[in-house]
Amino acid sequence: MIMRALKAVLVAGVMLPAVPASATDLEVTHWWTSGGEAAAVKELAKAFDATGNKWVDGAIAGSGGTARPIMISRITGGDPMGATQFNHGRQAQELAEAGLMRDLTEVAEKGKWKDIIKPASLLESCTIDGKIYCAPVNIHSWQWLWLSNDAFKTAGVAVPKNWDEFVAAGPALQKAGILPLALGGQPWQSSGAFDTLIISLGGKDLYMKIFKDKDAEAAAGPEMAKIFKAADDARKMAKGSNVQDWNQATNMVVTGKAGGQIMGDWAQGEFQLAGKKAGTDYTCLPGLGVNQYLTAGGDAFYFPLLKDEAKSKAQEVLAETIVDPKVQVAFNLKKGSLPVRGDVDLASANDCMKKGLDVLAKGNILSSTDQLLSPDTQKQKEDLFSQFFANASMTPEAAQKRFAEIIASAD
């Protein structure tokens, strides 16, 4: 457990290294390495550099599952970075509870974050024992189906308006030599796709029963059996996917080699980088075109406790910069995500971002599984769905039985 490692560090008296007081450079670690993500990061770096400080980029390739253990190891091992990305939720909770993360409450109060950051659940996910430990940078939602308009034109079928139409179009896509559903091989992708099926096809109540209430009976019940049937459909449509990274799967949709992809709104950054226009070259369906609910998860920056005064001051400046309205617009337009502020001008938002903003305005927002489940439960879930999507011999019934066991023991 992380907590045992943290206690060992504290008992051993490991001190965080000091650096020259004149230094104003700040190493920032993150896992944003795709083309669209890198373009968004440049906006943050440019804004921070404009303050007179220096963003030292610490990108870690391989997604959050690869990056987070490295980040945690550095912090617990006494080699902290100046700032680091985590998802909103419980990923950094034990680090904060162990006294290794910086309390940002004073910065947050000065910037009136409680008044401007919406929905309130974002800041609540940064709050532990009444203290604020992170600066939210965006709202990301998983519940999107991204479609290649060219792929469906080649297959001679209309662009689907919902999940059922997408499944029905699968044979025509296959006949045209197009993979119906692109899916990368990393466990978090198959797990996220399944979570999307629950909220989009099963609805809000089922989603909350499973992940908020940890209702094992519901997880084993007939409503969830329908979701596992849909997951089996998705598995069959994704057969033949031979890519690992999510952006490689997105690129298959961008280039018309695949009909669609279930992926979070960060996929939009890849379409934009390729010069594709929302509504013309590609179509996006929030809630898979069925139940238009989105999870308000996303990314936030946490700041390890440092002894150097200059770097500590730079941390405060970066936290303020992240929440700045102009920076919020510049970053999120490149990232494909939604801003954490409700008072920014998004007149330049494209068709897909406007759809997300409409869902947000209606209040159809739910907590993400990162906010509702512990990292350990998330890992068990990822392992299950990685196996399910990779192994056609695992029946939906067997997968549902294991899923119900995970939910029954979830913390």
Side-chain angles (χ1 to χ4, degrees), residues 30-41 43-44 63-64 85 87-89 118-119 121-122 136-148 163 182-184 188-189 191-197 199-200 245-251 253-254 260-274 276-279 281-300 328-342 344 346 348-362 364-371:
H30 59 86
W31 56 81
W32 290 324
T33 56
S34 77
E37 290 173 328
V41 169
E43 295 294 337
L44 290 181
S63 81
Q85 171 198 8
N87 296 123
H88 300 140
K118 305 293 181 184
S121 59
L122 297 178
V137 65
N138 61 16
I139 301 170
H140 265 318
S141 52
W142 244 105
Q143 295 73 34
W144 295 83
L145 178 60
W146 303 92
L147 302 170
S148 166
W163 174 257
L183 179 66
W188 68 269
Q189 296 181 56
S191 179
F194 183 82
D195 293 348
T196 296
L197 292 171
I199 193 171
S200 300
D245 294 339
W246 70 267
N247 53 303
Q248 293 175 319
T250 303
N251 185 255
V253 183
V254 171
Q261 179 190 24
I262 299 174
M263 185 50 61
D265 51 12
W266 50 90
Q268 189 170 187
E270 302 303 300
F271 286 95
Q272 292 182 178
L273 194 67
K276 301 296 183 180
K277 185 178 180 182
D281 300 310
Y282 66 98
T283 296
C284 54
L285 300 178
L288 308 186
V290 185
N291 283 307
Q292 292 196 3
Y293 279 90
L294 301 177
T295 52
D299 303 293
Q328 278 285 302
V329 172
F331 173 82
N332 285 293
L333 285 177
K334 293 284 179 65
K335 190 70 166 63
S337 46
L338 299 177
V340 299
R341 299 180 64 123
V344 295
L346 282 172
S348 55
N350 68 22
D351 181 65
C352 291
M353 184 175 282
K354 287 177 180 175
K355 288 182 180 180
L357 289 169
D358 286 344
V359 174
L360 188 65
K362 293 174 183 175
N364 290 354
I365 297 294
L366 299 173
S367 296
S368 70
T369 54
D370 283 321
Q371 295 166 303

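- In this pair, F331 and W32 present their aromatic rings tilted. The plane angle is within the 30 to 60° band.
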Steps toward side chain to side chain contact (heavy atoms under 4.5 Å, CB included) verdict (N247, N251): CA-CA 6 Å; N247 53 303; N251 185 255; over 6 Å; no

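- By the 4.5 Å heavy-atom criterion applied to side chains, L145 and C284 are not counted as neighbours.
- K276 contributes atom NZ, which lies 14.5 Å from atom CG of N350 (distance to the nearest 0.5 angstrom).
- Taken from CD in Q371 to OG1 in T295, the straight-line distance is 8.0 Å, to the nearest 0.5 Å.
- The structure places CD1 of I365 at 7.5 Å from CG of L338, a figure rounded to the nearest 0.5 Å.
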side-chain hydrogen bond (donor to acceptor under 3.5 Å, both in side chains) assessment of S337 paired with N332: CA-CA 5 Å; S337 46; N332 285 293; 2.5 Å; yes

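- Put simply, the side chain of L294 does not reach to within 4.5 Å of the side chain of L360, judged on heavy atoms.
- In terms of heavy-atom proximity, E37 sits nearest to E270 at N-OE2, 4.0 Å.
- Of the possible donor and acceptor atoms, one in the side chain of N291 sits under 3.5 Å from a partner among the backbone N and O of S200.
- The two residues A300 and P136 make their nearest non-hydrogen contact at CB-CA, 3.9 Å.
- The side-chain heavy atoms of S148 and T283, taken from C-beta on, include no pair separated by under 4.5 Å.
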In sequence, state the C-alpha distance, the side-chain angles, and the governing distance for Q85 and D299, and then conclude on side-chain hydrogen bond (donor to acceptor under 3.5 Å, both in side chains). CA-CA 7 Å; Q85 171 198 8; D299 303 293; 2.9 Å; yes

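- Contact detail for G336 and M353: the closest heavy-atom pair is C-CE, 4.3 Å.
- Taking every heavy atom of both residues into account, K118 and L122 meet most closely at O-CD1, 3.6 Å.
- Using bins of under 30°, 30° to 60° and over 60° for the plane-to-plane angle, the ring pair W188/W142 lands in the perpendicular bin.
- A 4.5 Å side-chain heavy-atom check between K335 and N138 finds at least one atom pair inside the cut-off.
- Within the 3.5 Å criterion, the main-chain N or O of A40 finds no donor-acceptor partner in the side chain of E43.
- In this structure, CH2 in W246 is found 3.5 Å from OG in S34, a value given to the nearest 0.5 Å.
- Side-chain N/O atoms of T250 and Q261 include a donor and acceptor closer than 3.5 Å.
- The two residues A249 and G184 come nearest to each other via the heavy atoms CB-N, 3.9 Å.
- Going from atom CD1 of I262 over to atom CG of L288 covers 5.5 Å, rounded to the nearest 0.5 Å.
- Across L147 and G260, no two heavy atoms sit closer than the pair CD2-CA, 4.0 Å.
- Counting only distance, with no hydrogens or angles, the side chain of D281 and the backbone of K277 share a donor-acceptor pair below 3.5 Å.
- Residues K355 and W144 are in side-chain contact: their nearest non-hydrogen atoms beyond the backbone lie under 4.5 Å apart.
- The structure places CG of L183 at 7.0 Å from CE of M263, a figure rounded to the nearest 0.5 Å.
- Classified by interplanar angle (parallel below 30°, tilted 30° to 60°, perpendicular above 60°), the ring pair W146/Y282 is tilted.
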